[in-house]
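Accompanying notes for the structure given below.
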2 protein chains.
Amino acid sequence: MSRPTNWCHSDQNPAYRGRMSSSPQSSVPEIHVAVDLIVLTLRGGELSVLLIQRDDEPHKGSWALPGGFIEYGEDLDGAAYRVLSDEASLGSGAVHLEQVRTFGAPGRDPRGHVVSVAFMALGADLPDPLRGEDVADARWWSIADLDGISLAFDHATVLEASIERARSKLEYTTLAVTFLPEEFTISQLRGVYESVWGRSLDAGNFHRKATRSEGFLVELDRHAAPTGGRPARLYRAGSGTSLVPPLLRAGD
Amino acid sequence: MSRPTNWCHSDQNPAYRGRMSSSPQSSVPEIHVAVDLIVLTLRGGELSVLLIQRDDEPHKGSWALPGGFIEYGEDLDGAAYRVLSDEASLGSGAVHLEQVRTFGAPGRDPRGHVVSVAFMALGADLPDPLRGEDVADARWWSIADLDGISLAFDHATVLEASIERARSKLEYTTLAVTFLPEEFTISQLRGVYESVWGRSLDAGNFHRKATRSEGFLVELDRHAAPTGGRPARLYRAGSGTSLVPPLLRAGD
DNA sequence: CCAAAAGTGTTCTCGCTACACCCATGT
DNA sequence: ACATGGGTGTAGCGAGAACACTTTTGG
């Protein structure tokens with residue numbers, strides 16, 4: 001990373017010299033680094049996000065994304081997993097974690113300059129959150145129900161960017177399986193696409209495209225319990241990560 | 001931003017309380033925030049990146065990406081533009097700037113924990129860099145010539161991620177025009193795709209697809225000076241940003 | 001007239017859509 | 001039997017690839 005060449009302040013700010021001592025003598029306030037988590041799952045066929053109601057100023061009473069500061073020496077992913085486990089009681093095996101973008105406008109947090117790395121976490125049927133400290137409430141929100149709600153900080157923007165990222169990645173990656181349990185049917189997989197994209201897909205065509213994408217699915221010998229019709233074959237996720245050809249959402 | 005809810009350290013570290021005072025009393029060293037720039041342009045039909053040869057430890061003598069620390073209160077984009085102007089003498093009008101990803105592994109800089117936001121900057125026929133302070137050398141490298149070279153820090157990874165991002169975005173956005181001057185011909189545009197993707201494209205088919213993509217190009221009444229054949233019509237960039245249908249690189 | 005680059009036309013193929021149709025189960 | 005969801009077959013359409021062909025310039 002960094003500091004490739006002329007360190008902009010290397011000759012002005014002692015904090016940037018040598019081994020980066022921990023206490024700069026200057027009175028310049030520090031920039032803080034945080035992670036924000038956009039935890040997405042499907043609840044009853046609805047794409048849903050985990051939000052927390054703030055119990056402190058600023059934005060007291062507003063709904064916000066879970067997040068927290070990064071500790072010195074901690075990996076970005078590690079911090080995201082820690083927040084996930086602290087605030088959503090989710091182990092690292094249960095979710096797919098992926099960096100979305102970093103937000104660092106100086107005015108986004110009224111208390112100071114906070115640079116926040118947004119992480120998207122996708123999981124299958126995640127449990128109801130435990131209420132953490134300093135939290136008035138915590139619960140899953142269906143994306144559709146968030147229309148009139150205004151989120152704290154710039155979290156509406158962050159959430160919007162993450163959802164669009166997820167929608168887009170379903171097209172050309174095998175990301176959809178992260179919304180499902182270990183074993184699943186093609187119908188369940190189609191349900192993921194329909195829920196995330198908000199449109200219905202032709203069952204027959206979807207079946208063909210999904211089963212023919214190299215590396216997407218592994219066929220099992222078992223079938224799911226029937227739900228009023230022919231029992232569906234079970235599959236698990238294949239080893240591939242990219243979907244060729246892609247599964248496009250374009251066609252109206 | 002953030003700090004949505006239970007601030008992980010809000011009750012332990014005074015720096016995270018109230019208005020975020022600038023001088024924590026604890027002895028925990030600070031995390032520093034930097035930007036790294038992947039400046040890409042076309043030089044003689046070759047996709048090229050601006051690198052700087054380090055004049056200080058660590059990695060003294062190695063080639064690295066230009067970069068610098070973010071100042072308190074400074075926007076991420078603003079910091080990127082500042083580094084661009086300081087180290088590459090490029091004004092903000094000349095380039096397209098876009099965030100790629102943030103790298104924050106604690107061991108990536110031996111001097112301390114530096115979280116670095118990578119920005120990709122694309123421009124048309126950018127000038128040779130001026131040599132900044134603390135820089136042994138600075139020059140354009142053709143991507144192809146970098147094969148055996150090992151870059152400082154984790155910059156090889158950062159560069160690789162950026163190039164793949166650029167290649168991919170040419171498919172479904174109008175990003176290619178940022179590599180060209182204000183007015184250009186379809187052949188020049190095709191040359192961008194060929195250089196970045198490293199493969200040749202059918203001139204006729206490309207012409208049709210480019211001119212028929214809504215919002216991609218604006219046709220001008222003038223023509224370029226002929227180069228041994230029929231003079232090519234001039235175009236300038238249209239107002240659209242996404243390319244529908246996309247221009248895929250898949251075929252062979 | 002010839003070479004070379006800019007554009008246009010044409011054919012073939014392949015993937016997707018729509019929808020008909022058969023399969024396997026519960027009631 | 002019939003309803004319901006799982007899965008396959010198939011005709012038609014539309015976009016891309018390959019390449020022939022026309023246009024417009026310079027030598």
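Naming: A, B, ... by sequence-line order, numbering from 1 per chain.
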Sequence neighbours left out, what passes salt bridge (Lys or Arg N to Asp or Glu O under 4.0 Å) with [X]? Give chain and number order.
X	value
K209(B)	none
D125(A)	none
R167(B)	none
E164(B)	R249(B)

Can you tell me the distance, in whole Å, between the [atom1] atom of [X] and the [atom2] atom of [N]?
X	N	atom1	atom2	answer
L201(A)	dG15(C)	CG	C1'	16 Å
H223(B)	dT25(D)	NE2	C1'	12 Å
E194(A)	dG5(D)	CD	P	13 Å
L247(A)	dG15(C)	CG	P	14 Å
L248(B)	dG15(C)	CG	C1'	13 Å
K209(A)	dG7(D)	NZ	P	18 Å
R233(B)	dT25(D)	CZ	P	12 Å

Considering just the side-chain nitrogens and oxygens of H207(A), establish if one lies under 4.0 Å of OP1 or OP2 belonging to dG7(D). yes
My understanding is that only residues two or more places apart in sequence, or in another chain, count here; which of them pass side-chain hydrogen bond (donor to acceptor under 3.5 Å, both in side chains) with R139(B)? none
Output all residues satisfying side-chain hydrogen bond (donor to acceptor under 3.5 Å, both in side chains) with R165(B), sequence neighbours left out; order by chain, then residue number. none
Residue pairs, two or more places apart or on separate chains, that pass ring pair (Phe, Tyr, Trp, His ring centres under 6.0 Å) and touch residues 174-195 of chain A: Y193(A)-W197(A), Y193(A)-F206(A)
Sugar-phosphate atoms are those with a prime plus P, OP1 and OP2; base atoms are the rest. Using that split, label each nucleotide of nucleotides 21-27 of chain C B, S or - for protein heavy atoms under 4.0 Å, 5' to 3'. --BBB--
With the side chain defined as heavy atoms from C-beta on, N205(B) is closest, among dC16(C), dA6(C), dC19(D), to dC19(D)
DNA chain D: 5'-proximal contact among R208(A) and D202(B) (nearest heavy atom): R208(A)
Ionic contact status for D128(A) with R43(A), cut-off 4.0 Å: yes
Any residue of residues 183-192 of chain A with a heavy atom less than 4.0 Å from an atom of DNA chain D: S187(A), R190(A)
Near DNA chain D, under 4.0 Å by heavy atom, which residues of residues 170-178 of chain A? none
Which atom pairs, donor and acceptor, lie under 3.5 Å between side-chain atoms of residues 216-229 of chain A and protein residues at least two apart or in another chain?
residue	atom	partner	partner atom	Å
E219(A)	OE2	R233(A)	NE	3.4
E219(A)	OE2	R233(A)	NH1	3.3
R222(A)	NH1	E183(A)	OE1	3.1
R222(A)	NH2	E183(A)	OE1	3.3
R222(A)	NH2	E183(A)	OE2	2.7

Checking W140(A) now: which residues fulfil ring pair (Phe, Tyr, Trp, His ring centres under 6.0 Å) with it, not counting sequence neighbours? none
